[in-house]
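In what follows, every chain begins at residue 1, and chains take the letters A, B, ... in the order their sequences are listed. Only a predicted model underlies this, so the values are computations on that prediction, with no experimental measurement involved.
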2 protein chains.
Amino acid sequence: MSDKQSGDLRGVFHPRSIAVVGASSDPRKSGAKWVAGLRTAGYSGPIYPVSSGGGTIAGLRIYRSLSEVPGDVEYVVASVPARSVLQLVDECIAKRVGFVQFFTAGFSETGSHEGEELERLMLERARRAGMRIIGPNCIGNFCPAAGIPLGPSPLGKIGTPGKVSFISQSGGIAAKLVEYGMARKVRFSKGISVGNCIDLDMSDFLQYYTADEDTAVIGAYLEGTRDGRRWFQTLRKASDVKPTVIWKGGRTEAGAAAARSHTGSLASSAPVWSAMLRQAGAIEARNLEELTDCLLLLQQLGPIRARNVGIVGGLADGGGGISVSGSDACNDNGLAVPPLERKTRERLLDLIGEVGSILRNPVDVSPAQFKGVDTICEAVRVVASDNAFDILMLQEDVDIMHSYLGIPETREVNTFLARLPGEMNKPLVVVLPGGSEEMVRVEVEEQLLTAGIPVFPTMARAARAVALISGRPK
Amino acid sequence: MSDKQSGDLRGVFHPRSIAVVGASSDPRKSGAKWVAGLRTAGYSGPIYPVSSGGGTIAGLRIYRSLSEVPGDVEYVVASVPARSVLQLVDECIAKRVGFVQFFTAGFSETGSHEGEELERLMLERARRAGMRIIGPNCIGNFCPAAGIPLGPSPLGKIGTPGKVSFISQSGGIAAKLVEYGMARKVRFSKGISVGNCIDLDMSDFLQYYTADEDTAVIGAYLEGTRDGRRWFQTLRKASDVKPTVIWKGGRTEAGAAAARSHTGSLASSAPVWSAMLRQAGAIEARNLEELTDCLLLLQQLGPIRARNVGIVGGLADGGGGISVSGSDACNDNGLAVPPLERKTRERLLDLIGEVGSILRNPVDVSPAQFKGVDTICEAVRVVASDNAFDILMLQEDVDIMHSYLGIPETREVNTFLARLPGEMNKPLVVVLPGGSEEMVRVEVEEQLLTAGIPVFPTMARAARAVALISGRPK
């Protein structure tokens, strides 16, 4: 049995053992996928598949009931029909389970009286026994460091453990955040899909993350709250301690109508929500990309505050249009692009000359390519040392670098960039657009991220994230 | 010599022969890359490298001067220093060249008197002889059907020829549009980077595209115009005939300041520009992604007008959050998400039931997965036949499909989707987010695009493009 106290949710993310109830030997069933995923991801505690049919799954014996399981069970993943949940709750209580997570849907979110009544009964029994419920209608916990993947997928992807933790009211959005976040190299500490959250809710997990030493950055997708007052109080406390990024689904009339059917969330006016998020000190994102961009920026740089941006485009060539559109992107998002100090401009003129360059801020250093890698790097270093701005956004076009400079030269420039933050007194953000040289781009992205530099696909996305984190979006 | 008449720019895109002046035997030089690119891309006319040093490049003899070239030269790509341009203009005239394109920079864009004077002299001599100039400070022409890649890259990428033509004042943006457009499967007919456009300018090319049978959709990136009246008149005529998408760089104060240094364009107020674009019937994009998204949508569907959107999420699972955020994205962009007709809702209830589904519009058909592929397809067909909306946006998560349904089932669903537009009386747009199954995603994207369906990476991007094309952005 769990030794949890009220509010101690360690057992959700680091359970000593997990039983998957509804884990038939048919690998296509969700329960079976859950077992396979835990095995693949390397969960180190005992995994107990449970299904009335018996048999084996992923090399493990399937127990016919929870009571047959030989050891203690701290955490139960339940993938059973709604009609069986009350019986399962009783079995979990008898087995002295700490937490039970219900994948099962068909409760209050359908709007039916039966669904609501079932939830009430489950909760009543669990409360009496001191057992906690996650969901129903959710895909539950995620903890890379514990080898727990998100949801029922046999691939068991967990990525490299990190310091970003999230809460999601939607299992689908949680899965997308993990998938897309991993692709962008967001490293997660924990995640939870709360579903209908009849017991443990978003505030409980937000509170836990606020105190959790392994969490430095918090993200959330939600469509509504049952206890708005507690949520905003908890959010304020969280935001005081750790940067917290919130994406509210159902901001619009059509979105709110969909949210009622999805998570049973009641509509609330978008401007009111935005104002309350601001008051609570939270950062508001409008979609998956913005949420991921903010989490990545915070993971790499912490809670920066930027107002004035220095822009460098065209390390090797083609930086003119990027300088213009990058400036548009900054201004669009309430960021300024102030002129360089005179000494910087003079130094750049000496270094690379006027022809084909833009030396004002934005800076297009393209012509430096003709003088070689050292001149390119020196030009960037000169710009970086300017005091007119407090963050440097640099666009690197790997395709062009490759084609104009060559492979070893591209590597040299990136080795220089990876070291640059160490000699700068301001943060560096690199924009690395996709192109035809995807293998090289990924290599460069990895190198820069490892050096602590956040990497974005476009100037517009980078500017937006910097503005959001800095509390300056237009 | 070219047989062009005034306004006949066929020789720019389908020249009978090309000389590259400044094509030294050093493969790292731009001129050499231009020659290599034309060879790789399969340009079928004679290519004449010219450089005073002689030698060979990419297996071709380098002529020491233009006059030494044995055959006629219709088009010259000039990659020579600014100090040599006047002499080259004279040599081109002597050789009865039709068009000369100057990669060379260092003219009026530097703001220097010498630069402006040089442009004036070049133009005067060319005009007198009836020779046309492209640039200077540009990367010139692009025509996949003629085997002409864009700019100096030995890779010579041209993609599959299509019906989308573009004009760009920035060579860098032109290159990015081609690179990113190809990745998204925009198929180009022609492109031109006009640079300082001292002779042939954006209006000339816009006029040519308007009449060009191989152009169905027009895109442009520009920072300003010298002759605004002519540009807007030409634009109005173009937009009357073919959908035309314009991205104006330098919309903001910082962007306009950068544009002055980049293409010498004078600032003009963003609202004034937007109003003029609307008046001219053009579509305004704000960045590379929006421009590409609009071009792709127009390529696939033509100039649609949509107001009411049907949304389907979660073919296999995880469609709830997407339904909510997709609705937000539509409303954010001025598109409505009206409720389904009652008969559609009743039919869906029969088919897949209420539990875990959203059957209102948006429609989350997730629970259909348990009944198999036929039920999923039938549910989508039922929604598609509803008359409440005039465009269907469907999100397919390949990762989830793959994991929940399996590979053959994913193929079955996509074969169904590829055929769906044939039985619908409204357009279909598919959202196919990136994930871990990139190989499968690309295969599905290819299949859907071939079937005429536009494919977008997110609901927000799809909704934005649909709204822009339909003249409804908020």
So which part of [X] gets closer than 4.5 Å to some heavy atom of chain A, the side chain, the backbone, both or neither?
X	answer
B/Glu438	neither
B/Ser170	side chain
B/Pro152	both
B/Ile400	side chain
B/Lys33	side chain
B/Ser112	neither
B/Asn361	neither
B/Leu155	side chain
B/Glu179	side chain

Which bit of A/Thr458 is near chain B, if near means a heavy-atom gap under 4.5 Å: side chain, backbone, both or neither?
side chain
Measure A/Ile139 against the heavy atoms of chain B and call it side chain, backbone, both or neither at under 4.5 Å.
neither
Strictly distance-based, threshold 3.5 Å: is any side-chain N or O of B/Asn331 a donor or acceptor partner for the main-chain N or O of A/Thr252?
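The answer is no, because no donor-acceptor pair under 3.5 Å joins these two groups.
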Identify the two heavy atoms, one from A/Gly321 and one from B/Tyr221, that lie closest to each other, and give their separation to 0.1 Å.
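That closest heavy-atom pairing would be O-OH, 3.9 Å.
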Mind listing the closest non-hydrogen atom pair of A/Asn287 and B/Ala460 along with its distance?
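Taking A/Asn287 first and B/Ala460 second, the nearest heavy atoms are ND2-CB, 4.5 Å.
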For the atom pair CD1 (B/Ile173) and OG (A/Ser325), what is the distance rounded to the nearest 0.5 Å?
4.0 Å
Hey, what do you get for CD (A/Glu253) to OG (B/Ser327), rounding to the nearest 0.5 Å?
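So the gap between those two atoms works out to 11.0 Å.
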Pick whichever of A/Gly320, A/Gly172, A/Gly151 has the most heavy-atom pairs under 4.5 Å with chain B.
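Of A/Gly320, A/Gly172, A/Gly151, A/Gly320 has the most heavy-atom pairs under 4.5 Å with chain B.
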Could you tell me whether A/Asp397 and B/Lys176 have a side-chain N and a carboxylate O separated by less than 4.0 Å?
yes
Do A/Lys248 and B/Asp328 sit within salt-bridge range, that is, some charged N less than 4.0 Å from a carboxylate O?
no
Hey, is CG on A/Leu349 packed in by over 12 heavy atoms from elsewhere, all under 6.0 Å?
yes
More than 12 foreign heavy atoms under 6.0 Å from CZ of A/Arg307: is that the case here?
no
Which one wins on heavy-atom pair count under 4.5 Å against chain A: B/Met182, B/Lys157, B/Arg28?
B/Lys157
If you tally heavy-atom pairs under 4.5 Å between each of B/Ala258, B/Ala329, B/Pro433 and chain A, the highest tally belongs to B/Ala258
Residues which pass ring-ring contact (aromatic ring centres under 6.0 Å, His included) with A/Phe389, listed by chain and number, not counting sequence neighbours:
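Scan of A/Phe389 (ring-ring contact (aromatic ring centres under 6.0 Å, His included), adjacent residues dropped) gives none.
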Give the intermediate values and the outcome of side-chain contact (heavy atoms from CB on, under 4.5 Å) for residues A/Asp332 and B/Arg286.
CA-CA 10 Å; A/Asp332 275 344; B/Arg286 288 171 312 181; 5.5 Å; no
